[in-house]
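Counting begins at 1 with the first residue of the sequence.
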Amino acid sequence: MPVTISSPEAAVAATPYVLGFAPRDSVVLLLSGDGPHLAVRVDLPERADLNWIATILAGLPNPLPSKTVVLAYADTMAVPHTTEITKWLADLLVAVTDLVAVLVIGDGRVRSLSEDGPLGQELDIDLESLRDHPVIAECVAEGMTCMPAREILASTLLPVADTVASQVADALRTATAPTQGYEKARAELEQRALHVLLSGDPLAPEDVVCVARACRDVHVRDPLLAIILDEHAHGQVTLAHVRTRLLYAITHLPDTDAAPVAATMALIAWADGDGAVALMAADRACDLEPTNTLAPLVIHALQHGLPPNTWASLTDDIPMEVLRGQVRRSA
């Protein structure tokens with residue numbers, strides 16, 4: 001979380017931006033400490049059980065960050081029911097992390113269940129009073145967005161039926177195999193895809209096809225990612241720009257060709273610190289192509305709270321000729 005959560009009110013106001021969508025009937029854990037910051041969201045169960053706890057534990061890093069804010073959202077769930085489940089969860093978590101606040105949001109109010117810790121003062125306020133909380137301006141300044149619901153965020157990755165999508169489908173059908181050697185064709189594909197993703201030129205159907213082909217070939221995709229992340233680290237490119245162009249490709253490709261692009265966007269969104277979009281894109285890639293190998297890696301990284309620079313740090317010392325498949329990496 002790039003913003004500072006300094007009060008229970010700030011935690012409630014910032015959470016939809018941290019997640020990327022407004023949670024409903026959910027429990028959210030905001031985790032912070034010396035390691036990476038992490039937000040974990042799970043659906044509220046109809047009753048508290050060990051399977052639900054196991055789902056939460058599967059999404060927590062090890063070791064667990066030292067401080068945790070628990071937020072429980074009661075929408076269709078009754079507030080008393082939500083409160084009891086939240087107390088049960090808090091009793092389990094208190095042994096392994098500092099619960100600085102335990103909050104229940106329901107019936108238009110925010111109530112605190114904790115009394116100890118820097119954020120744990122008694123609280124019972126109107127939820128509407130947080131609409132203009134200063135932390136929201138911080139979130140917006142950081143480029144964080146908030147969709148009204150998870151389903152709306154997921155829908156942004158769905159295909160659109162327009163003229164461009166028809167032209168992309170035609171371009172995929174009529175695409176011919178390169179006549180030059182494989183390595184030369186792959187090098188040209190990498191250069192063209194890099195230009196498509198980094199430039200500000202309008203995207204033509206042929207550009208969308210280029211991105212799809214580049215993301216499907218691991219020896220083109222991985223060098224592309226290395227170059228893009230390196231240029232981002234040196235302030236030469238914004239990942240938001242790359243994500244916008246990948247999203248355009250995803251929504252204009254048929255389902256048969258969208259998965260590798262969605263997986264690539266998931267990694268770029270993770271590197272950009274947007275876990276909500278990263279998870280949505282990775283889920284989309286897995287749904288479209290269960291054999292996709294990149295998307296599960298992103299999901300695993302998000303579940304274990306790995307920081308956004310993890311991929312770049314892992315590939316920094318790998319020579320480009322290895323990423324391009326030109327030589328094998330020596331032991």
Side-chain angles (χ1 to χ4, degrees), residues 1-2 18-20 36-39 59 61 142-145 153-154 156-158 186 189-190 193-198 208 210-251 253 257-318 320 322-325:
M1 291 176 290
V18 172
L19 293 177
H37 297 270
L38 178 67
E142 289 287 343
M144 302 165 75
T145 59
L153 182 59
T156 63
L157 295 165
L158 297 178
R186 196 166 59 190
L189 177 61
E190 177 189 316
L194 186 66
H195 173 77
V196 168
L197 292 175
L198 298 187
V208 174
C210 170
V211 170
R213 290 176 55 216
C215 291
R216 183 166 291 281
D217 188 331
V218 66
H219 291 134
V220 177
R221 181 200 68 197
D222 286 357
L224 274 176
L225 288 169
I227 294 169
I228 289 169
L229 294 177
D230 181 66
E231 294 197 5
H232 169 68
H234 290 88
Q236 297 169 338
V237 64
T238 63
L239 296 185
H241 176 80
V242 178
R243 286 168 54 183
T244 297
R245 296 172 85 77
L246 287 170
L247 179 61
Y248 183 88
I250 293 168
T251 57
L253 281 164
D257 296 88
V261 185
T264 304
M265 180 174 168
L267 193 140
I268 291 290
W270 170 36
D272 202 23
D274 194 335
V277 170
L279 185 57
M280 291 290 97
D283 283 345
R284 177 79 175 140
C286 288
D287 289 343
L288 293 174
E289 188 178 75
T291 59
N292 187 280
T293 56
L294 178 59
L297 292 177
V298 176
I299 294 172
H300 181 82
L302 293 169
Q303 289 177 339
H304 289 79
L306 299 184
N309 66 344
T310 298
W311 182 272
S313 65
L314 290 174
T315 57
D316 268 349
D317 65 337
I318 301 178
M320 289 298 286
V322 174
L323 293 177
R324 289 175 175 137

Is any side-chain heavy atom of R284 closer than 4.5 Å to a side-chain heavy atom of L158?
yes
To the nearest 0.5 Å, how far apart are CZ in R243 and CG in D272?
5.0 Å
Residue pair H234 / D230: nearest heavy atoms and the distance that separates them:
ND1-O, 2.8 Å
Return the CH2 to CG distance between W311 and D316, rounded to the nearest 0.5 Å.
12.5 Å
Quick check: do M320 and I227 have side-chain heavy atoms less than 4.5 Å from each other?
yes
Looking only at heavy atoms, which two atoms of A295 and A285 are closest? And how far apart?
CB-CB, 3.7 Å
Using side-chain heavy atoms (C-beta onward) and a distance below 4.5 Å, is L229 in contact with L239?
yes
Go through the steps to decide whether M265 and I250 satisfy the test side chain to side chain contact (heavy atoms under 4.5 Å, CB included), and finish with yes or no.
CA-CA 9 Å; M265 180 174 168; I250 293 168; 3.5 Å; yes
What are the two closest non-hydrogen atoms of L297 and T293, and how far apart are they?
CG-O, 3.5 Å
Check for a donor-acceptor pair, side chain of R324 on one end and backbone N or O of P223 on the other, with a separation under 3.5 Å.
no
Is the shortest side-chain heavy-atom distance between L194 and I228 below 4.5 Å?
yes
Does any non-hydrogen side-chain atom of R221 lie less than 4.5 Å from one of T264?
yes
Side-chain heavy atoms of V242 within contact of H232, under 4.5 Å:
no
Atom OG1 of T145 and atom CG of D274: how far apart are they, to the nearest 0.5 Å?
5.5 Å
With side chain to side chain contact (heavy atoms under 4.5 Å, CB included) as the test, would you mind laying out the steps for D222 and T315 before giving the verdict?
CA-CA 9 Å; D222 286 357; T315 57; over 6 Å; no
Please step through side chain to side chain contact (heavy atoms under 4.5 Å, CB included) for the pair W270 and T310, ending with a clear verdict.
CA-CA 9 Å; W270 170 36; T310 298; 3.7 Å; yes
Let me confirm one number: the NE2-CD1 distance from H241 to I268, rounded to the nearest 0.5 Å.
11.5 Å
Roughly how far, to the nearest 0.5 Å, is CG of L197 from SG of C210?
7.5 Å
Could you check T156 against T251 for side chain to side chain contact (heavy atoms under 4.5 Å, CB included), going step by step and ending with a plain yes or no?
CA-CA 8 Å; T156 63; T251 57; over 6 Å; no
Taking every heavy atom of V298 against every heavy atom of A266, the minimum-distance pair comes out as CG1-O, 3.9 Å
Tell me the closest heavy-atom pair linking N292 and A259, and the distance in Å.
ND2-O, 4.1 Å
From CZ (R216) to CD (E289), nearest 0.5 Å:
5.0 Å
To check you understand the geometry: which heavy-atom pair defines the closest contact between I299 and C286, and what is its length?
CD1-SG, 4.0 Å
